[in-house]
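Here's the structure, in structure tokens; my notes come after.
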Amino acid sequence: MSRHTFSTRIVHAGLAITIIANLALSLVMQGPHRDRPGDWLFATHQYVGLAALIFAFAFWSVMMVRNHGTDRGALFPWLVSDRRSALLNDLRAHISALRKLRLPGYHDHNPLASAVHGLGLLLMTAMAVTGSVYFAASWFGAQTATAVGWDLEIHSLLANLVWAYLIGHAGLALIHHYSQNLSLTEMWSLAPNKPIESK
């Protein structure tokens, strides 16, 4: 029995797969340069990016309408003093555990984990949006695409943050999985059920 709703697992898988695919494509593709268009891998990167945008907005939609799971306020605790205090206390507890070379405890509605998940969703959405803006501008010609060059700079900067988030997020999930704090099948199973949601 997964703690995550089926719809949450589907949009999480779709967003994760499209983001990972695009990060991999970014390592080998040839982007446009002056009068030279990008190669077919760059074109694939753009279309996979549009799919990532769809999954990102689907994730936001699922999060807004679902009845189970982490409270939306826990994902974005920055403007509420009580939530900020809980986040800081949880951060201190994590630091204390790490200083003792212990793995911090894992709980379904951990304030730090929830806030990090919220930041991750914001980051992936921003990455997909900036890539899609450049894609849309390129349809109007090279001059329009050049005019939104600032957007491509932001997209490239965000890519570095996405790499860091992906490595950290996946790495901690594997650590918790193998330390038996959680099972990856709770998020990566596609079997429909009536879950007890956590994320």
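This is a predicted model, so every value here is computed, not measured.
Contact of the Leu161 side chain with the Met127 side chain is not registered, since no non-hydrogen atoms from C-beta on lie closer than 4.5 Å. Between Val11 and Leu15, the closest side-chain pair of non-hydrogen atoms is not below 4.5 Å. In this structure the side chain of Leu50 never reaches within 4.5 angstrom of the side chain of Gln46, judged on heavy atoms. Looking at Leu53 and Thr18, their side chains never come closer than 4.5 Å, going by heavy atoms from C-beta outward. Using a 4.5 Å heavy-atom threshold, the side chains of Arg84 and Ser81 count as touching. Trp78 places a side-chain heavy atom less than 4.5 Å from the side chain of Leu119.
In terms of hydrophobic clustering, with Ile, Leu, Val, Met, Phe, Trp and Tyr side chains grouped at heavy-atom distances under 4.5 Å, Leu79 and Leu88 are assigned to different clusters. Residues Trp139 and Ile54 do not share a hydrophobic cluster, defined by chaining ILVMFWY side chains whose heavy atoms lie under 4.5 Å apart. Placement of Trp163 and Ile154 within a single hydrophobic cluster is found when ILVMFWY residues are connected by side-chain heavy-atom separations under 4.5 Å, directly or transitively. The hydrophobic cluster containing Phe76 also contains Leu91, counting ILVMFWY residues as joined when their side-chain heavy atoms lie under 4.5 angstrom apart, directly or transitively. Using a 4.5 Å cut-off between side-chain heavy atoms of Ile, Leu, Val, Met, Phe, Trp and Tyr, with links allowed through other members, Val48 and Leu152 fall into the same hydrophobic cluster.
Contact record, Ser114 with Leu75: O-CD2, 3.2 Å, taken as the closest heavy-atom pair. Between Ser132 and Gly49, the closest heavy-atom pair is OG-O, 4.3 Å. Asp90 and Ala113 make their closest contact through OD2-N, 4.5 Å (heavy atoms, listed as atom of the first residue, atom of the second, distance). Contact record, Leu25 with Thr44: CD1-CG2, 3.9 Å, taken as the closest heavy-atom pair. Between Ile10 and Phe55 the shortest heavy-atom distance is O-CE2, 4.4 Å.
Judged by distance alone, the side chain of Ser26 and the main-chain N or O of Leu23 form a donor-acceptor pair under 3.5 Å. Side chain of Asp151 to main chain of Val133: no donor-acceptor pair is present (N/O by atom type, distance under 3.5 Å, no hydrogens or angles). The main-chain N or O of Gln30 is found under 3.5 Å from a side-chain atom of Asp39 such that the two form a donor-acceptor pair. Between the side chain of Arg72 and the backbone N or O of Met63 there is at least one donor-acceptor pair closer than 3.5 Å.
Going from atom CZ of Phe42 over to atom CZ of Phe135 covers 9.5 Å, rounded to the nearest 0.5 Å. With values rounded to the nearest 0.5 angstrom, Leu122 atom CG is found 11.0 Å from Leu158 atom CG. The distance from atom CG of Leu112 to atom CD1 of Ile95, rounded to the nearest 0.5 Å, is 9.0 Å.
Listed by chain and number, the residues in a ring pair (Phe, Tyr, Trp, His ring centres under 6.0 Å) with Trp188 are His12 (sequence neighbours excluded). For Arg92, the side-chain hydrogen bond (donor to acceptor under 3.5 Å, both in side chains) test picks out Asn89, with sequence neighbours left out.
Here side-chain hydrogen bond (donor to acceptor under 3.5 Å, both in side chains) pairs that include residues 121-130, with residues two or more places apart or in two chains, are Trp60-Thr125, Thr130-His155.
The aromatic rings of Tyr165 and His169 sit parallel to each other, their planes meeting at less than 30°, with 60° as the upper class boundary.
In the model, Arg66 has a side-chain atom that pairs as donor or acceptor with a side-chain atom of Thr8 under 3.5 Å.
A salt bridge links Asp71 with Arg83; the closest basic N to acidic carboxylate O contact falls under 4.0 Å.
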